[in-house]
Amino acid sequence: MKINLISDTVTIPTPGMLEAMMTAKVGDDVFKNDPSVNALEEKIADFFGMEAALFFPSGTMANQAAIKLHTNPGEQLICDKYAHVYNYEGGGVSFNSGVSCRLVDGNRGMMTADQVVQSINPPDFYHSPLTSLVCIENTTNKGGGACWDFHELEKIKEICQNNGLNYHLDGARIWNALVAKNESAKAYGGLFDSISVCLSKGLGCPVGSVLLGNKEFIDNALRVRKVLGGGMRQSGFLAAAGIYALDHHISRLKDDHKKAKEIGKVLEELEFIKKVEPIETNIIIFELDEARLSAETFLGKLEENQISIIGMGQGKLRVVTHLDYTQEMHAHFLKVLKTLG
Ligand SMILES: *Cc1c(COP(=O)(O)O)cnc(C)c1O
């Protein structure tokens, strides 16, 4: 039994999802003639109560398109120092949009409204880059699946409005936050100018992300997606997986969260583990006491037991629970961990 906990992107489509894909009605989406893609875009827009949506091959491309549309070259966006758009999109912010990032030293990937205010360059001080966008990530990836306090997001919205800034949500794992905090998608749709979501993370799709915004924004996003090479043809086969996931794979995320918390409990009892970060959703980040056990040795011992997790450097490790991580695997993983203690 191989147990892969390196990410929630490692899932393969369930039989039900495959069936939905195989029987999907498709057309050429570059001509906007794919009924399944159109249905997915409408369904997600409706879910968040936003005007329009556009299917993308990846979350990176969806974020990059949003940043391109919200900024002009030379301007600056504000994000947490852990942000995916800054750390893990290949430098796309500067490559695609000619924009710099003002990094905020937040907590587990989350900044406060005060920190955002302090990061805005005065627009009349022409020596500094013009601040034009604030990017939020929920749940935070590098922050260990942490969920924002919605009230703080509302305060930041007000700051954006008062300062003429656009407000983008990188919601690759927004589904996990909605389930963990019992929040409404429409509340998020009402707050942000644009939202990107991933179907290929916790929801178990093989490929796919969606960008949401108002009609004019999404009309323009179509051109940017074209420029980035993201136009796809019979992508309804992938969109059908997305529709299936929205119908079947959201509420079950609570199982991933429960397993993650149970793993956290076991980790906390192991004496070679220095610290387990708070676990709110499906990501567990913990730190080894490397004087007792090095990350390399620990990873090696897990590999001997067919268990893969990922190292983040400096003795930090990450485990991510997901749809393909069964109860049987869970029991086995916990048992192996206890034997290493
Ligand atoms: C995974 C992820 C993305 C997008 O990733 P892709 O692999 O390009 O789909 C964006 N933001 C966050 C926070 C992510 O975790």
Side-chain angles (χ1 to χ4, degrees), residues 4-13 40 44 53-68 70 77-93 95-97 101 103-104 106 108-111 133-148 153 167-180 188 192 194-212 221 224-225 228-230 232 235 238-239 241-242 245 253 256 260 277 280-285 310 312 318-323:
N4 190 345
L5 296 168
I6 64 170
S7 175
D8 47 7
T9 55
V10 300
T11 55
I12 58 170
L40 171 69
I44 290 209
L54 188 65
F55 190 48
F56 275 79
S58 72
T60 297
M61 196 189 282
N63 280 333
Q64 291 298 318
I67 291 166
K68 180 74 194 160
H70 285 310
L77 66 80
I78 297 171
C79 65
D80 186 89
K81 65 182 189 299
Y82 280 181
H84 194 280
V85 296
Y86 173 71
N87 289 290
Y88 303 125
E89 299 193 358
V93 171
F95 190 95
N96 296 315
S97 300
C101 295
L103 299 182
V104 175
R108 303 179 68 219
M110 300 176 291
M111 3 183 225
L133 174 65
V134 175
C135 288
I136 300 290
E137 190 174 308
N138 199 17
T139 67
T140 64
N141 179 341
K142 199 172 155 76
C147 301
W148 280 74
L153 293 175
Y167 198 26
H168 173 71
L169 172 65
D170 175 354
R173 291 190 181 82
I174 188 64
W175 323 107
N176 295 88
L178 295 178
V179 168
Y188 280 87
F192 288 92
S194 58
I195 300 179
S196 66
V197 299
C198 280
L199 302 166
S200 56
K201 300 261 167 88
L203 296 195
C205 293
V207 174
S209 283
V210 178
L211 182 63
L212 297 119
V224 176
R225 189 185 71 176
L228 296 174
M232 299 183 286
S235 38
L238 301 173
L253 290 169
D256 298 346
E277 290 186 10
E280 295 180 55
T281 55
N282 67 325
I283 302 178
I284 304 140
I285 293 179
I310 212 164
M312 301 175 77
R318 188 181 85 165
V319 169
V320 189
T321 58
H322 53 73
L323 182 57

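Just so it is clear, the values below take in all heavy atoms, side chains as well, and ignore hydrogens, waters and symmetry mates. Note that ligands are numbered from 1 as they come in the structure, with each ligand's atoms numbered from 1 the same way. Owing to the predicted nature of the structure, the values given are computational and were not obtained by experimental measurement. Numbers here are sequence positions counted from 1.
In this structure, a donor-acceptor pair under 3.5 Å is absent between the side chains of Asn4 and His322.
Between the side chain of Glu280 and the backbone N or O of Cys147, at least one donor-acceptor pair lies under 3.5 Å. Side chain of Tyr167 to main chain of Leu153: a donor-acceptor pair is present (N/O by atom type, distance under 3.5 Å, no hydrogens or angles).
Ranking protein heavy atoms by distance to atom 9 (O) of ligand 1, first place goes to Gly59 N, 2.8 Å. Among all protein heavy atoms, the one lying closest to atom 7 (O) of ligand 1 is Thr60 OG1, 4.5 Å.
Closest heavy-atom approach to atom 14 (C) of ligand 1 within the set Lys201, Met61, Arg173, Lys142: this belongs to Lys201. Among His84, Gln64, Glu137, the residue whose heavy atom lies closest to atom 12 (C) of ligand 1 is His84.
Among the atoms of Asp170, some N or O lies under 3.5 angstrom from an N or O of ligand 1.
If you look at Asn141 next to ligand 1, the close heavy atoms, those under 4.0 Å, all belong to the side chain. Proximity of Val85 to ligand 1, defined as any heavy-atom pair under 4.0 Å, is not found for any part of the residue.
Residue Glu89 approaches ligand 1 through these ligand atoms, each under 4.0 Å from one of its heavy atoms: 10 (C).
Rounding to the nearest 0.5 angstrom, the gap separating the CG atom in Asn141 from the CD1 atom in Ile285 is 7.5 Å.
Under a cut-off of 6.0 angstrom, the local environment of OH in Tyr86 is sparse, with at most 12 non-hydrogen atoms contributed by other residues, nucleotides or ligands.
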